[in-house]
Amino acid sequence: MDAADLDYQARTRSGCIPPELVSRLLERGYVEVVEQQAGRGEWFCAVAWARLLGKQDRQAEALEVLAPYRATRWWTAVTAVAELLEGWGRIDEAIEITRVRMAAGHPMALEFYTRLLARHGRAEEASDLLVPHVDDWVLATALVDVASVAGRDEEAAALLTGRIRADHCCDGPWCCHGLDSDMALGLLATIRERQGHIDVAIALLRRRQIVSINCRDQLADLLARHDRIEELRAYAALDGHAEAVQRLAELLEEDGDVEGAIAAYGQAAAPRPRTGTRLTSLRSSWPDTDGAKRRSP
């Protein structure tokens, strides 16, 4: 087995038995097929078979199934083993195998390790490990989550506030590397929302240049969570806020107003007059692809 090949297959679902087919095989009683393929390098078969063995209290056998995959040092296999161990209550072992990878410098290990610590009574230790890495947006996100458990919201908030650059205006989707001002504003808003400071969180999110990340708009989601539907309507009415329109329609449908949801989509699709050169210039050049960011008017 080769870690690079395994990773490619897992990411692309190419050249392997996909998880959907593995589930169907198990549902229809082809357990032996899954077991056989697990020993032949089929990752999705291996992890499904290991989970099944774990449910049958055959933990040692489950770990043996995943051992060849873990031996490649493939991170996905390491996390799968850690998750199994955690689920079985073998917390110290789960922590140790991820700590080893973190100490070896694996780029994804610190986030997984600190979140694992926080789930099991070691949130302050996890926070201490994350603080020096706050300029990495993935680890800053983990810090915000861990801070809630550790009771260190204000410390995290201070770190984020110091990274909001009021004098900087990005000129492209990947202008700032690491934690940019919009990310910092979003994370700070997350802290304020969970503290109950909803208006403060809204004000922070309205300061963002970029409003959409991974096809979600944090402000629209916040307004929906707190039933501030009129504010959400007004926000969705702004040109370029497709994700806010979607969230408004979802909220209306959840409340039983299907006609209102259809109307929201219809109004968004209707041509709108331009409101000025600033709007069009800010919206230009930003890719509308998964994972991309979109500017606020």
Side-chain angles (χ1 to χ4, degrees), residues 82 86 91 94-95 98-99 102-103 105-170 174-214 216-228 231-232 235 243-244 247 291 293-296:
E86 183 185 15
I91 310 303
I95 289 173
T98 52
R99 184 200 65 77
M102 183 194 69
H106 191 284
M108 298 180 186
L110 181 57
E111 182 199 8
F112 188 95
Y113 178 68
T114 51
R115 289 185 181 278
L116 181 58
L117 291 179
R119 288 197 296 272
H120 297 285
R122 296 168 63 178
E124 289 194 10
E125 179 184 348
S127 182
D128 288 339
L129 288 169
L130 288 166
V131 164
H133 304 280
V134 70
D135 288 318
D136 180 312
W137 71 269
V138 173
L139 298 179
T141 302
L143 175 63
V144 168
D145 294 339
V146 168
S148 176
V149 183
R152 296 169 71 168
D153 272 349
E154 289 307 322
E155 180 182 341
L159 289 169
L160 294 168
T161 300
R163 282 155 178 80
I164 298 171
R165 300 168 58 190
D167 61 340
H168 178 69
C169 182
C170 289
W174 313 120
C175 170
C176 292
H177 298 285
L179 182 69
D180 62 25
S181 294
D182 285 337
M183 283 281 189
L185 284 165
L187 292 172
L188 184 55
T190 296
I191 293 174
R192 297 309 181 209
E193 182 187 3
R194 73 179 176 223
Q195 291 176 327
H197 305 312
I198 309 305
D199 288 333
V200 175
I202 290 172
L204 287 166
L205 292 173
R206 289 193 186 279
R207 291 170 56 188
R208 298 169 302 162
Q209 298 175 49
I210 302 162
V211 301
S212 173
I213 300 176
N214 290 329
R216 300 302 302 184
D217 185 325
Q218 186 179 348
L219 177 54
D221 289 338
L222 184 153
L223 292 171
R225 278 195 298 275
H226 296 281
D227 294 321
R228 299 175 75 149
E231 291 174 75
L232 180 55
Y235 183 56
E243 287 76 15
R247 190 65 191 94
K293 306 174 183 179
R294 183 175 299 129
R295 280 185 182 274
S296 169

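Excluded from the calculations below are hydrogen atoms, water molecules and symmetry mates; all remaining heavy atoms, backbone and side chain alike, are included.
By the 4.0 Å N-to-carboxylate-O rule, Asp217 lies close enough to Arg208 to be salt-bridged with it. Looking at Arg122 and Asp128, no side-chain N of the basic residue comes within less than 4.0 Å of a carboxylate O on the acidic one, giving no salt bridge. A salt bridge is defined here as a Lys NZ or Arg NE, NH1 or NH2 lying under 4.0 Å from an Asp or Glu carboxylate O, and Arg194 with Asp153 meets this definition.
Between Ala220 and Tyr235, the shortest heavy-atom contact is N-CE2, 4.0 Å. Taking both residues in full, the closest heavy atoms of Asp182 and Ile210 are given as OD2-N, 2.9 Å, listed atom of the first, atom of the second, then distance. Across all non-hydrogen atoms, the minimal contact from Val149 to Ala123 is CG1-CB, 3.7 Å. The minimum heavy-atom distance linking Glu86 with Ala94 is given by the pair N-CB, 4.0 Å. For the residue pair Leu185 and Leu205, the shortest heavy atom distance occurs at O-CD2, 4.4 Å. Contact between Val146 and Ser127 at its shortest, heavy atoms only, is CG1-N, 3.8 Å.
For Ala224, the side chain to side chain contact (heavy atoms under 4.5 Å, CB included) partners are Leu232, Arg247, Leu251, not counting sequence neighbours.
Taking CZ of Arg119 as the start and CD1 of Ile95 as the end, the distance is 9.5 Å to the nearest 0.5 Å. Atom-to-atom distance recorded for Arg228:CZ and Leu219:CG is 10.0 Å, nearest 0.5 angstrom. The structure places CG of Leu139 at 10.5 Å from CG of Leu179, a figure rounded to the nearest 0.5 Å.
A side-chain donor-acceptor contact under 3.5 Å links Thr161 to the backbone of Ala157. Here the side chain of Asn214 pairs no donor or acceptor atom with the backbone of Arg216 at under 3.5 angstrom. Within the 3.5 Å criterion, the main-chain N or O of Met108 finds a donor-acceptor partner in the side chain of His106. Between the side chain of Thr114 and the main chain of Glu111, a donor-acceptor pair closer than 3.5 Å is present. Arg192 places no side-chain N or O within donor-acceptor distance of the main-chain N or O of Ile198, the cut-off being under 3.5 Å.
Of the listed residues (Arg163, Arg165, Gln209, Arg207), just one forms a side chain to side chain contact (heavy atoms under 4.5 Å, CB included) with Ser181, and that residue is Arg165. Shown are Ile202, Leu188, Leu222, Leu204; of these, the side chain to side chain contact (heavy atoms under 4.5 Å, CB included) with Glu193 is made only by Leu222.
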Q. Stepwise, does the side-chain contact (heavy atoms from CB on, under 4.5 Å) test hold for Leu143 with Leu187?
A. CA-CA 10 Å; Leu143 175 63; Leu187 292 172; over 6 Å; no
Q: May I have the step-by-step check of side-chain contact (heavy atoms from CB on, under 4.5 Å) for Val144 and Ile191, ending in yes or no?
A: CA-CA 7 Å; Val144 168; Ile191 293 174; 3.8 Å; yes
Q. Given the rule in the side-chain contact (heavy atoms from CB on, under 4.5 Å) test, do Ile164 and Leu160 qualify, once you have shown the distances and angles that lead to the verdict?
A. CA-CA 7 Å; Ile164 298 171; Leu160 294 168; 5.7 Å; no
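The closest side-chain heavy-atom distance from Leu130 to Val134 is not below 4.5 Å.
Within 6.0 Å of atom CE in Met102, more than 12 heavy atoms from other residues, nucleotides or ligands are found, so the atom counts as buried in its surroundings.
In summary, the side chains of Glu154 and Gln195 do present a donor paired with an acceptor at a separation below 3.5 Å, with no hydrogens or angles considered. For the residue pair Gln218 and Thr190, a side-chain donor N or O sits within less than 3.5 Å of a side-chain acceptor on the partner.
The stretch residues 109-162 participates, sequence neighbours left out, in these ring pair (Phe, Tyr, Trp, His ring centres under 6.0 Å) pairs: Trp75-Phe112.
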